[in-house]
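We number each residue from 1, following the sequence as shown.
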Amino acid sequence: MPSFNLSRAVRVTRITRTHKVAVAVLAAAGATSGLAMASAPDTAQAASEHAPAAVQPVNANGMPTKAEKAETARPVTASVADHVKITAVAKQHTAHQAANRSAERKAVKEYPNNLDGWIRESLDIMKSKGIPGSYDGLHRNIMRESSGNPNAVNDWDINAVNGIPSKGLLQVIQPTFDRYHVAGTPHNLVDPVANITAAANYAADRYGSIDNVNSAY
């Protein structure tokens with residue numbers, strides 16, 4: 001086989017050329033890599049610059065929604081607090097009204113619709129008006145005058161002859177009733193309580209008290 005021996009100069013020349021090519025290739029690769037790395041931020045920045053900006057919701061006043069929520073959060077809290085206060089006041093008012101109704105029911109004394117009840121109611125009214133008289137004094141005179149009949153009418157005495165008959169539990173004539181009628185009672189001559197209180201008022205003026213009357217008066 002023929003032997004080819006290259007001279008030292010040729011070998012050095014070939015190595016030098018090969019080295020240069022390798023260096024050139026490496027340099028080119030490095031430049032490309034560097035270019036890619038250098039251009040990457042620019043590309044990202046360009047993408048960021050050309051990307052549409054995020055739209056943040058705003059309210060009618062041009063303020064961000066979060067700010068609006070922050071502003072409206074306080075009124076909402078205040079509204080809830082106001083509702084609680086109003087509810088509490090309403091409950092207190094309802095309780096107060098219930099207490100008043102209860103007090104009124106207790107204050108309004110009820111009386112039986114009979115002679116005993118009429119006398120007791122009359123005595124309470126008389127006491128409030130400063131008219132003297134007792135249960136016994138009223139009952140005694142009522143039984144003598146009408147036997148406890150509120151519709152009793154005397155149609156035979158002088159008053160009846162004069163056209164103004166005595167009527168009611170204590171046999172009162174109309175002029176006397178009109179003069180001594182006690183305010184707060186019905187303006188009705190034969191109403192049991194109105195008749196008793198008017199007669200007691202008359203007897204107090206004429207005799208000092210109905211208790212002092214023991215006969216026709």
### Summary
Asn141 meets the side-chain contact (heavy atoms from CB on, under 4.5 Å) criterion, sequence neighbours left out, with Arg144, Leu170, Ile210, Val213

### Task
For residues Tyr207 and Asn212, report the shortest heavy-atom separation together with the two atoms involved.
O-ND2, 2.9 Å

### Smallest separation among heavy atoms of Val182 and Ala198, with atom names
CG2-N, 4.3 Å

### Task
Report whether Ile125 and Tyr135 are members of the same hydrophobic cluster (ILVMFWY, side-chain heavy atoms less than 4.5 Å apart, transitive linking).
yes

#### Entry: Those residues that, when tested against Asp178, pass side-chain contact (heavy atoms from CB on, under 4.5 Å) (two or more places apart)
Gln174, His187

## Note on the structure
So CG of Asp205 and CZ of Arg179: to nearest 0.5 Å the spacing works out to 6.5 Å

### Contact check, side chains of Asn154 and Asn159, non-hydrogen atoms, under 4.5 Å
no

### Query
At their closest point, which heavy atom of Gly137 faces which heavy atom of Ser134, and how far apart are they?
N-OG, 3.1 Å

### Query
Does any non-hydrogen side-chain atom of Asn195 lie less than 4.5 Å from one of Val190?
no

### Summary
Here the gap from Asp191 atom CG to Lys167 atom NZ, rounded to the nearest 0.5 Å, amounts to 13.5 Å

### Task
Would you name the heavy atoms of Ile173 and Ile164 that are closest together and state the gap between them?
CG2-O, 3.2 Å

### Query
Ignoring hydrogens and geometry, is there a side-chain-to-backbone donor-acceptor pair from Ser146 to Leu169 under 3.5 Å?
yes

Side-chain atoms of residues 117-124: list all donor-acceptor pairs with protein atoms under 3.5 Å, sequence neighbours left out, distances to 0.1 Å.
from, atom 1, to, atom 2, distance (Å)
Trp118, NE1, Asn113, OD1, 3.0
Arg120, NE, Asp116, OD1, 3.1
Arg120, NE, Asp116, OD2, 3.1
Ser122, OG, Trp118, O, 2.8
Asp124, OD2, Tyr111, OH, 2.4

### Query
If we only count heavy atoms from C-beta on, is the Asp136 to Asp211 side-chain gap below 4.5 Å?
no

### Task
Find the distance between OG1 (Thr176) and OH (Tyr217) and round it off to the nearest 0.5 Å.
9.0 Å

### Message
So which atom in Met126 and which in Leu138 form the shortest heavy-atom distance, rounded to 0.1 Å?
### Response
SD-CD1, 4.0 Å

### Task
Please answer whether the main-chain N or O of Ala152 pairs with a side-chain N or O of Gln171 as donor and acceptor at a distance below 3.5 Å.
yes

#### Entry: Heavy-atom pair of closest approach, residues His181 and Pro186
NE2-O, 3.3 Å

### Message
Would you say Arg140 and Asn214 are linked by a side-chain donor-acceptor pair, where the criterion is simply a distance under 3.5 Å?
### Response
yes

## Note on the structure
One should read off an interatomic distance between Ser209 OG and Ile131 CD1, to the nearest 0.5 angstrom, of 10.5 Å

